[in-house]
Student: 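Before anything else, here's the structure in question.
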Amino acid sequence: MPELPEVETVRRGLQTHTVGRTITHTLQLHPRALNPKSNAGLEVLDGAKILSIERRGKFLWFVLDRPFVLSAHLGMSGQFLVDPVDHRHTRAILHLKKGSKKSVIHFNDQRTFGWLSIEETINQMPISVQSIAPDIFESSFDSKNVARVITQRSISIKTAILNQNILSGIGNIYADESLWLAKIHPESRTNELKVSDVERLIKAAQEVMKKALEVGGTSFDELYINVNGESGYFDLSLNAYGQEGKACPRCGTEIRRIKFANRSSHFCPKCQKK
DNA sequence: GGAAATGTTTACCG
DNA sequence: CCGGTAAACATTTC
């Protein structure tokens, strides 16, 4: 469920509530909470101090005073919650302390597509993030070059922007919203688009995600909430995603939904021509 | 009961 | 190798 704005909202929450604290002990409550590729079980975290929380695209990791990191992916329904009251779907628990102050972080995940992993890093990036391209908010993100790479492929533009190895952070909601804003049909062939069209699309994605981040991301239900259990409000600003049958806010034509690449795509058939 | 849900990976086919 | 499609993972909701 969570895309870049939601994961960044979670990162900020974790930054506030966990940095400078020490993990006293952990509890793994579900076998799928740990990535099968993890170097070790969560018990190696005992005694580790949390130095910072980093993110690339939809991947998060805790930097520790250890030669390894705790990395995490929220999948479709993963959450980190600080001192939660509700323990449903809790898959793992980190017990923290700072002096005499104690707190707990729950990793909750209804659908269990998310995971935690103990990993080494190369150039400050966990192994699982090595093949993930810079996300659209990183200073190393080169919009023009990415646009050029995309036009050199012959795939549909939506497939291209969802590919985390080309650029990262965009998921199904923001892909549809960005394509709507840039007036590009999701099935447009990348080799038939101009580099400037793709650059405009990337700019649209940056704009949409920046606005979403400002209001705490997109929540449709309790499946996405921040570390304090609060929803984001960007669902109120959606123009295309989930708007099938409603009027396009730009031209009034009914928004259509098509199945595409195994997922739903929402677009305005008048504004977004192939 | 069927369909769908904010993700990623893998298998299979042309 | 490239690209498209479907399925797999698991759970819940409409």
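Bear in mind that the values here come from a model prediction, so they are computed numbers and not experimental data. To find a chain, count down the sequence lines: A is the first, B the second, and so on, and within it residues start at 1.
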Student: Taking dA3(B) as the reference, what is the distance to dA6(C) when you measure between their P atoms (whole Å, please)?
Tutor: 14 Å

Student: Run the ring pair (Phe, Tyr, Trp, His ring centres under 6.0 Å) test against F220(A) and tell me which residues pass, sequence neighbours left out.
Tutor: Y241(A)

Student: Under 4.0 Å between a side-chain nitrogen and a carboxylate oxygen: does that hold for R32(A) and D109(A)?
Tutor: no

Student: Examine dA4(B): is either OP1 or OP2 under 4.0 Å from a nitrogen or oxygen in the side chain of R263(A)? Give yes or no.
Tutor: no

Student: For DNA chain B, which residues in residues 200-218 of chain A have a heavy atom at a distance below 4.0 Å?
Tutor: T218(A)

Student: Can you run down the ring pair (Phe, Tyr, Trp, His ring centres under 6.0 Å) pairs that involve residues 20-50 of chain A, sequence neighbours left out, and say none if there aren't any?
Tutor: H25(A)-H95(A)

Student: With rounding to the closest Å, how many angstrom separate the P atoms on dC1(C) and dT8(B)?
Tutor: 23 Å

Student: If I pick the P atom on dT10(B) and the same atom on dA10(C), what distance separates them, to the nearest angstrom?
Tutor: 16 Å

Student: Take the protein atom CZ of F59(A) and the nucleotide atom C1' of dT9(B), then report the distance between them rounded to whole Å.
Tutor: 11 Å

Student: Report which part of the nucleic acid N262(A) touches: base, sugar-phosphate, or nothing (heavy-atom distance under 4.0 Å, all strands).
Tutor: base

Student: Taking CG from N163(A) and P from dT10(B), how many angstroms apart are they, rounded to a whole number?
Tutor: 14 Å

Student: Mind checking what makes side-chain hydrogen bond (donor to acceptor under 3.5 Å, both in side chains) contact with E207(A), not counting sequence neighbours?
Tutor: none

Student: For Q152(A), look at atom CD and say whether over 12 heavy atoms of other residues, nucleotides or ligands are found less than 6.0 Å away.
Tutor: yes

Student: Does a donor on one side chain sit under 3.5 Å from an acceptor on the other, for R56(A) and S168(A)?
Tutor: no

Student: Taking side-chain hydrogen bond (donor to acceptor under 3.5 Å, both in side chains) as the definition, give me every residue that meets it alongside N108(A), ordered by chain and number, with sequence neighbours left out.
Tutor: T90(A)

Student: What contact category does F220(A) fall into here, base, sugar-phosphate, or nothing, at under 4.0 angstrom with non-hydrogen atoms?
Tutor: base

Student: Evaluate the criterion salt bridge (Lys or Arg N to Asp or Glu O under 4.0 Å) for residue pair K158(A) and D176(A); output intermediate values, then yes/no.
Tutor: CA-CA 8 Å; K158(A) 184 168 173 185; D176(A) 282 358; 2.8 Å; yes

Student: Can you give me the dot-bracket string for DNA chain B, 5' to 3', counting Watson-Crick and G-U wobble pairs with both distances under 3.5 Å, using [ ] for crossing pairs and | for partners on another strand?
Tutor: .||||.||||||||

Student: Taking 4.0 angstrom as the limit, do K210(A) and E214(A) come out as a salt bridge?
Tutor: yes

Student: May I ask you to decide whether R256(A) forms a salt bridge with E244(A), counting only side-chain N to carboxylate O separations under 4.0 Å?
Tutor: no

Student: What salt bridge (Lys or Arg N to Asp or Glu O under 4.0 Å) pairs are there with at least one residue in residues 261-274 of chain A, not counting sequence neighbours?
Tutor: E187(A)-K274(A)

Student: Nearest-Å distance, CZ (R56(A)) to P (dT8(B))?
Tutor: 14 Å

Student: So which residues get pulled into V63(A)'s cluster when ILVMFWY side chains under 4.5 Å apart are joined, directly or through others?
Tutor: L51(A), F59(A), W61(A), V69(A), W115(A), M125(A), V129(A), I132(A)

Student: Under 4.0 Å from any atom of DNA chain B, heavy atoms only: list the residues of residues 110-125 of chain A that qualify, in numerical order.
Tutor: R111(A), F113(A)

Student: How would you list, by chain and number, every residue that makes a salt bridge (Lys or Arg N to Asp or Glu O under 4.0 Å) with R11(A), sequence neighbours excluded?
Tutor: E8(A)

Student: Mind checking R88(A) for me? I need base, sugar-phosphate or nothing, with any heavy atom below 4.0 Å counting as a touch.
Tutor: nothing

Student: Identify the 5'-most and 3'-most nucleotides of DNA chain C with at least one atom closer than 4.0 Å to a non-hydrogen atom of chain A.
Tutor: dG3(C) to dT12(C)

Student: Run through the side-chain heavy atoms of Ile, Leu, Val, Met, Phe, Trp and Tyr, join any pair under 4.5 Å, and report what else lands in V85(A)'s cluster.
Tutor: none

